[in-house]
Amino acid sequence: MYIQEDGTVLSNIKISETYYDMTVYSPKIAGCAKPGQFVNIKCGDDLLLRRPISICDCDGENFRLVYENRGAGTSMLTRLITGDNLDILGPLGNGVFPTGVSRVLLVGGGCGAAPLLFAAKKNNECSAVLGFRTCKNAVLTDDFYSVCENLLIATDDGTMGASGTVERPVNLLLEKHKFSYIFACGPRPMLKAVSIIAKRHSIPCYISTEERMACGVGACLCCAIKTKSDKETYSHVCKDGPVFEAGQIVLED
Ligand code: FES
């Protein structure tokens, strides 16, 4: 069940070279959102398709979005100012991150860090590894520092934290600490690598995929992803996910 609500922008701040941090007053959606869910936002009258953005945090009647400016829709969002209205559908998605559990290792790549912050706040004894292209796009690090017991950063160009992908820091934390769950969100190669590591350590792993979306509610087919139970089939990321158990989905390169 989702809600269509006219939200109000409370703030919309540029926080890195390409990322923005927006807080929206949207009491109905914020009041029932769960970690892993997303909103689908109408971006002006000229763009037909709404833009799906993961919910980064919820605080009573407001939710927070940390999004990257990477196209016409998100570019329009960057121009919104305090007091502007937003036509929002949400909270969307039925596959969500578990809550109320302990010893969770969160692994986020780029925008994928955003929904994991919400998950960190709803669980206990979390640690995180965040990967970014460069220090100029490293976001939410202070937020994760404040809610996680350990935080390691990796950047592709080595300008912050470990140089390279998140794999080495993830393995480092797994050598030193015991985790009951791994949650991951980010680009597909990262999800695949994290799933393999989780399987090797026999740790239950939940991953949130970043497929292209249109309707956001299971009415079109543009977010289909290969999943498996007894045999391979297709699921909708927007309706069946966006969070899946890692063993449930077929992560092709
Ligand atoms: Fe339309 Fe998922 S975005 S079915």
Side-chain angles (χ1 to χ4, degrees), residues 1-7 20 22 24 26 28-30 32-56 58 63-78 80 86-98 108-116 118-119 183-192 195 205-229 231-253:
M1 189 58 197
Y2 58 87
I3 299 159
Q4 179 162 15
E5 186 168 45
D6 284 328
Y20 287 73
M22 181 191 285
V24 182
S26 178
K28 290 185 191 148
I29 292 174
C32 60
K34 299 187 185 87
Q37 289 187 306
F38 62 99
V39 289
N40 218 7
I41 300 181
K42 187 162 170 48
C43 299
D45 294 328
D46 297 337
L47 295 173
L48 189 64
L49 298 179
R50 290 170 177 265
R51 292 298 181 272
I53 302 183
S54 295
I55 297 171
C56 174
C58 274
F63 63 72
R64 181 179 174 199
L65 307 173
V66 169
Y67 63 96
E68 187 169 25
N69 179 9
R70 55 180 175 193
T74 45
S75 167
M76 176 267 162
L77 292 182
T78 67
L80 294 174
L86 270 184
D87 176 348
I88 312 159
L89 281 186
L92 298 172
N94 293 305
V96 297
F97 288 116
C111 296
L116 295 177
F118 194 10
F183 300 169
C185 182
R188 193 166 277 218
M190 189 206 87
L191 295 180
K192 194 168 178 180
S195 301
C205 180
Y206 289 81
I207 58 180
S208 181
T209 54
E210 292 182 322
E211 297 305 306
R212 271 197 172 278
M213 288 192 202
C215 70
V217 295
C220 67
L221 284 175
C222 88
C223 66
I225 189 171
K226 222 184 248 183
T227 50
K228 56 187 175 194
S229 47
K231 56 182 172 62
E232 284 189 2
T233 178
Y234 283 90
S235 298
H236 293 107
V237 170
C238 67
K239 187 163 64 84
D240 305 312
V243 179
F244 295 89
E245 280 186 56
Q248 231 187 314
I249 61 178
V250 181
L251 288 167
E252 290 160 323
D253 292 325

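Along the sequence shown, the residues carry numbers beginning at 1. We count ligands from 1, going down the list as the structure has it; atoms in each ligand are counted the same way.
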Exercise for review: Using modelled atom types only, decide if a donor and an acceptor are shared between the side chain of Gln37 and the backbone of Gly93 within a distance under 3.5 Å.
Suggested key: yes

Check your understanding: Looking only at atom types and distance, does a side-chain atom of Asn40 sit under 3.5 Å from a main-chain N or O of Gly90, one as donor and one as acceptor?
Key -> no

Review point. Does Thr74 have any side chain to side chain donor-acceptor pair (under 3.5 Å) partners at least two apart in sequence or in another chain, and if so, which?
Key: none

Practice item. Taking side-chain contact (heavy atoms from CB on, under 4.5 Å) as the test, write out the residues that go with Asp87, two or more places apart. Key: Gln4, Asp6, Lys42, Arg50

Check your understanding: Does some side-chain heavy atom of Leu191 sit less than 4.5 Å from a side-chain heavy atom of Pro189?
Key -> no

Review point. Does anything in residues 233-242 pair up under side chain to side chain donor-acceptor pair (under 3.5 Å), and if so which pairs, sequence neighbours excluded?
Key: Thr227-Ser235

Review point. What's the count of protein N, O or S atoms under 2.8 Å from atom 2 (Fe) of ligand 1?
Key: 2

